[in-house]
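Encoded as structure tokens, the structure appears first; notes follow it.
Source: prediction; values computed, not measured.
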Amino acid sequence: MATMRAVLLRKAHDVRVDEVERPTVTDPGDVLLKVEKTAICGTDLHPYEGRLELEEDVVLGHEFLGTVVEVGAAVTQFEEGDRAVASCVVSCGACYNCRRSRPGQCLGTRIFGLGIVFGSLSGGQAEYVVVPNADLTMRRIDDQGRGNDEDKLFVGDIMATGYEAVRKVMRPGDTVAIVGAGPVGLCAAMAANVLGAGQVAVVDKVAARLKEAEAIGAIGVNASEVDPAEAVQDITEWRGADVVIDAVGHPSALLSACSLVASGGAISIPGVYTEDSIELPFGELYLKGVTIHQGVANIINYMDETLALIAAGKLDPSRFVSHRMPMSEAAEAYRMFEAREATKIVLDPTS
Ligand SMILES: [Zn+2]
Ligand SMILES: [Zn+2]
């Protein structure tokens with residue numbers, strides 16, 4: 001039995017790197033990828049902190065890129081040796097929602113590294129990973145144009161997620177307020193810039209993250225020093241923000257978003273919610289005519305677009321990488337990421 005090293009979640013807050021069986025191509029649409037770069041995502045904290053219960057020893061991770069080493073018989077877009085990035089969400093391509101360009105709502109949606117509930121796909125924080133429906137799920141990456149591997153790595157999740165959250169609701173010239181300067185919030189701020197936002201304000205309490213936001217031209221709003229609603233009123237002549245992005249995924253962030261949004265504006269929620277119900281000021285939202293957009297991101301709809309913008313030098317999300325670590329130090333990496341000591345961590349599975 002061939003083995004590989006992988007990041008396993010034993011139980012909440014207990015991550016370790018161990019030898020497991022190396023996966024192989026079993027479906028004709030599969031590709032086996034030798035992983036070269038893989039990242040820790042905010043969503044990984046749901047199982048890590050025990051909010052999403054996984055069976056024991058799930059291989060974690062859904063942001064990765066690498067080289068194709070084995071190809072299923074039905075795969076037409078990739079061959080051995082190609083380098084590619086995969087969408088973190090796998091869809092079937094054939095169901096009603098997929099046919100209507102809503103792959104995030106695919107009736108057979110699967111996500112890497114999140115256990116049985118999300119389709120039992122082994123994760124990408126490993127030396128190897130099997131990518132199902134490869135022709136649909138992956139995009140080739142090459143050295144043409146600008147952008148490095150880490151820029152392209154994020155097209156499989158945080159960059160496409162932040163981009164969609166903005167693109168679905170924003171018009172050129174809009175004021176965009178982003179709640180949460182984590183990786184998705186920062187990617188959303190970058191997307192708002194490239195899509196023609198007027199002003200972009202980013203709300204957070206972590207000074208280092210606000211600095212990242214300011215470095216790409218956003219207005220940093222430190223919620224531990226000022227009232228974010230007042231700050232946003234100030235820069236919009238008391239209208240509020242045309243677009244508010246909840247890039248946190250916590251009810252308190254959503255409440256904050258409700259207080260920031262302008263009449264006729266929109267709240268877009270790339271943050272992940274697993275709560276059964278949340279209290280919202282619905283009468284106020286009704287009177288203001290606010291549109292709410294949310295749901296699992298339609299990553300594959302935006303991979304080509306974001307890769308093209310990276311190649312053109314207009315998106316460079318790799319600038320948000322704060323730490324590069326060997327995969328063998330995954331336990332420490334998860335601890336740091338949870339403690340907000342790191343904005344974004346990329347792991348090297350070869351060391
Ligand atoms: Zn993610
Ligand atoms: Zn489908």
Side-chain angles (χ1 to χ4, degrees), residues 39-46 48-49 51 63 150-151 153-155 157-166 170 175-195 197 199-232 234-235 241 243-257 259-260 267-273 297 306 315-325 332-347:
I40 302 178
C41 173
T43 302
D44 294 324
L45 292 181
H46 287 282
Y48 182 72
E49 294 177 341
R51 285 191 301 281
E63 282 183 313
E150 286 173 351
D151 291 320
L153 168 66
F154 299 139
V155 158
D157 186 4
I158 56 168
M159 189 64 246
T161 298
Y163 186 85
E164 178 184 34
V166 174
M170 197 200 81
T175 294
V176 178
I178 295 163
V179 181
V184 171
L186 291 169
C187 284
M190 190 175 262
N193 283 340
V194 85
L195 291 165
Q199 307 182 90
V200 180
V202 177
V203 181
D204 204 290
K205 290 178 177 171
V206 180
R209 290 183 170 194
L210 288 171
K211 235 179 176 172
E212 293 281 353
E214 284 165 358
I216 58 165
I219 300 163
V221 177
N222 192 328
S224 57
E225 291 168 3
V226 296
D227 175 5
E230 269 180 34
V232 168
D234 261 0
I235 59 168
V243 167
V244 183
I245 310 289
D246 167 7
V248 178
H250 186 276
S252 64
L254 193 48
L255 271 182
S256 174
S259 72
L260 301 181
I267 296 174
S268 185
I269 312 174
V272 175
Y273 280 90
T306 47
L315 293 174
D316 57 345
S318 64
R319 64 183 296 144
F320 304 133
V321 176
S322 57
H323 294 75
R324 295 165 180 90
M325 298 169 71
E332 170 64 2
Y334 269 86
R335 187 202 63 74
M336 289 170 62
F337 190 59
E338 186 194 26
R340 307 242 182 300
E341 290 168 23
T343 304
K344 188 73 182 175
I345 302 176
V346 173
L347 299 175

Closest approach of [X] and [Y], non-hydrogen atoms and distance?
| X | Y | result |
| --- | --- | --- |
| Gly162 | Ala191 | O-CB, 4.2 Å |
| Arg209 | Gly182 | NH1-CA, 3.5 Å |
| Val166 | Ala192 | CG1-CA, 3.8 Å |

**Report entry** Arg335 bridged to Glu341 by N-O distance under 4.0 Å
**Finding:** yes

Query raised in the report: Do the charged groups of Glu150 and Arg324 touch, with an N to O distance under 4.0 Å?
Result: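 Between Arg324 and Glu150 there is a salt bridge, with a charged N closer than 4.0 Å to a carboxylate O.
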
Report task. Say whether, by atom type as modelled, one donor and one acceptor occur between the side chain of Lys344 and the main chain of Ile40 under 3.5 angstrom. Result -> yes

Query - Check: Asp157 side chain, Phe154 main-chain N or O, donor-acceptor pair, under 3.5 Å - result: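 It does not hold such a pair.
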
Between [atom1] of [X] and [atom2] of [Y], what distance do you get to the nearest 0.5 Å?
| X | Y | atom1 | atom2 | value |
| --- | --- | --- | --- | --- |
| Met190 | Thr306 | CE | OG1 | 12.0 Å |
| Glu63 | Thr43 | CD | OG1 | 8.0 Å |
| Leu186 | Ile216 | CG | CD1 | 6.0 Å |
| Leu195 | Met170 | CG | CE | 5.0 Å |
| Met159 | Ser318 | CE | OG | 11.0 Å |
| Cys187 | Ile245 | SG | CD1 | 12.0 Å |

Is any side-chain heavy atom of [Y] closer than 4.5 Å to one of [X]?
| X | Y | answer |
| --- | --- | --- |
| Asp44 | Tyr334 | yes |
| Tyr273 | Asp246 | yes |
| Glu332 | Met325 | yes |
| Ile178 | Val203 | no |
| Thr343 | Val206 | no |
| Val244 | Val179 | yes |
| Ile219 | Val200 | no |
| Pro317 | Leu315 | yes |

Requested in this report: Apply side-chain contact (heavy atoms from CB on, under 4.5 Å) to Ile158 and Phe320, showing your working.
Outcome: CA-CA 11 Å; Ile158 56 168; Phe320 304 133; 5.9 Å; no

Query raised in the report: Is the count of non-hydrogen atoms from other residues, nucleotides or ligands lying under 6.0 Å from Arg51 atom CZ greater than 12?
Result: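 Enclosed.
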
Query raised in the report: Is it true that the side chains of Asn222 and Ser224 contain a donor and an acceptor less than 3.5 Å apart?
Result: yes

